[in-house]
Visitor: 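Structure incoming, see below.
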Amino acid sequence: VHVAARLRVLRPVRRGQDEGAVVGEHARELGQHPRLVARLQVLDRLVDEELFTESEWASVDAVAGIESRGFILAAALAERRHKGFVAIRKKGKLPPPVVDVSYDLEYGSGVLEMQTGSGGLLLIDDVLATGGTLGASVALSRQAGYSLVGIGVLLDIGIAPGFRCGDFVPRSVLQYG
């Protein structure tokens, strides 16, 4: 997988009502490619070999995906590593009981929810932009009873250099900008 080739398929998309963040829309490219499974295997290999060590994976009980593209990545990793999957969703989409956290977006505010649990959790999302959603998901995961093992994203678009979530620096497969 050539990073330059992957970045060429990203097309800028404006998110938000007004002046939302501009991000690359890669879900369409992933979803329409006839070899989705092969691409997920490549992503799995990249994440396994480059982002998280075997000892980190040994501490993981579940992989959490942030709504909604994070679900694709987290579910694939959870399945391949024989780990549980935990969904982090927008308010009102999970059956109770749930815990929630409010957070600021580039263009407003939001609420994320997840069900309570325990054990080591690997947090996965598609894009690191400003870090608001990741930061809220870290706080939510801890509130729900999980111990965070690490944070991974497919793409860091480079607008929040040095971003940290407490003790964790999100690890990315691709960096842009």
Visitor: Quick one: side chain to side chain donor-acceptor pair (under 3.5 Å) pairs with a partner in residues 82-101, sequence neighbours left out?
Guide: Glu67-Arg89, Glu67-Lys93
Visitor: Take Phe71 and Ile66, measure what side chain to side chain contact (heavy atoms under 4.5 Å, CB included) needs, and give me the verdict at the end.
Guide: CA-CA 6 Å; Phe71 295 168; Ile66 302 171; over 6 Å; no
Visitor: So which heavy atom on Ala78 is nearest to which on Gly84, and how close?
Guide: CB-O, 3.5 Å
Visitor: Over all heavy atoms of both residues, which pair between Ala129 and Ala160 is shortest? Give the atoms and the distance, please.
Guide: O-CB, 3.3 Å
Visitor: Would you tell me whether Ser59 and Glu56 have side-chain atoms, one donor and one acceptor, within less than 3.5 Å of each other?
Guide: no
Visitor: Anything under 3.5 Å between a donor and an acceptor, one on a side chain of residues 110-125, the other on a protein residue two or more places apart or in another chain? List them.
Guide:
| from | atom 1 | to | atom 2 | distance (Å) |
| --- | --- | --- | --- | --- |
| Glu113 | OE1 | Gly92 | N | 3.0 |
| Gln115 | NE2 | Pro95 | O | 3.0 |

Visitor: Quickly, which of Ile159, Val127, Leu155 forms a side-chain contact (heavy atoms from CB on, under 4.5 Å) with Tyr176? Name it, please.
Guide: Leu155
Visitor: In this structure, would Leu105 and Leu140 fall into the same cluster of hydrophobic residues linked by side-chain contacts under 4.5 Å?
Guide: yes
Visitor: I want to check something: taking the side chain as every heavy atom from C-beta on, are Leu174 and Asp156 in contact at a cut-off of under 4.5 Å?
Guide: no
Visitor: In sequence, state the C-alpha distance, the side-chain angles, and the governing distance for Val138 and Phe168, and then conclude on side chain to side chain contact (heavy atoms under 4.5 Å, CB included).
Guide: CA-CA 9 Å; Val138 167; Phe168 293 93; 5.6 Å; no
Visitor: Do Leu134 and Tyr103 come close enough that some side-chain heavy atom pair is under 4.5 Å?
Guide: no
Visitor: Same hydrophobic cluster for Ile151 and Phe163, using side-chain heavy-atom links shorter than 4.5 Å among ILVMFWY?
Guide: yes
Visitor: Provide the closest heavy-atom pair for Pro161 versus Gly158 in the form atom of the first, atom of the second, distance.
Guide: CD-O, 4.0 Å
Visitor: Taking it one step at a time, do Asp167 and Leu148 satisfy side chain to side chain contact (heavy atoms under 4.5 Å, CB included)?
Guide: CA-CA 10 Å; Asp167 296 336; Leu148 198 60; over 6 Å; no
Visitor: Supply the members, apart from Val169, of the Ile/Leu/Val/Met/Phe/Trp/Tyr cluster built from side-chain contacts under 4.5 Å; use none for a lone residue.
Guide: none
Visitor: Is there side-chain contact between Ser172 and Leu128, with heavy atoms separated by less than 4.5 Å?
Guide: no
Visitor: Treating Ile, Leu, Val, Met, Phe, Trp and Tyr as nodes and any side-chain heavy-atom pair under 4.5 angstrom as an edge, say whether Leu51 and Val63 lie in one connected cluster.
Guide: yes
Visitor: Test of understanding: clusters of I, L, V, M, F, W, Y form through side-chain heavy atoms closer than 4.5 Å, transitively. Do Ile88 and Val99 belong to the same one?
Guide: yes
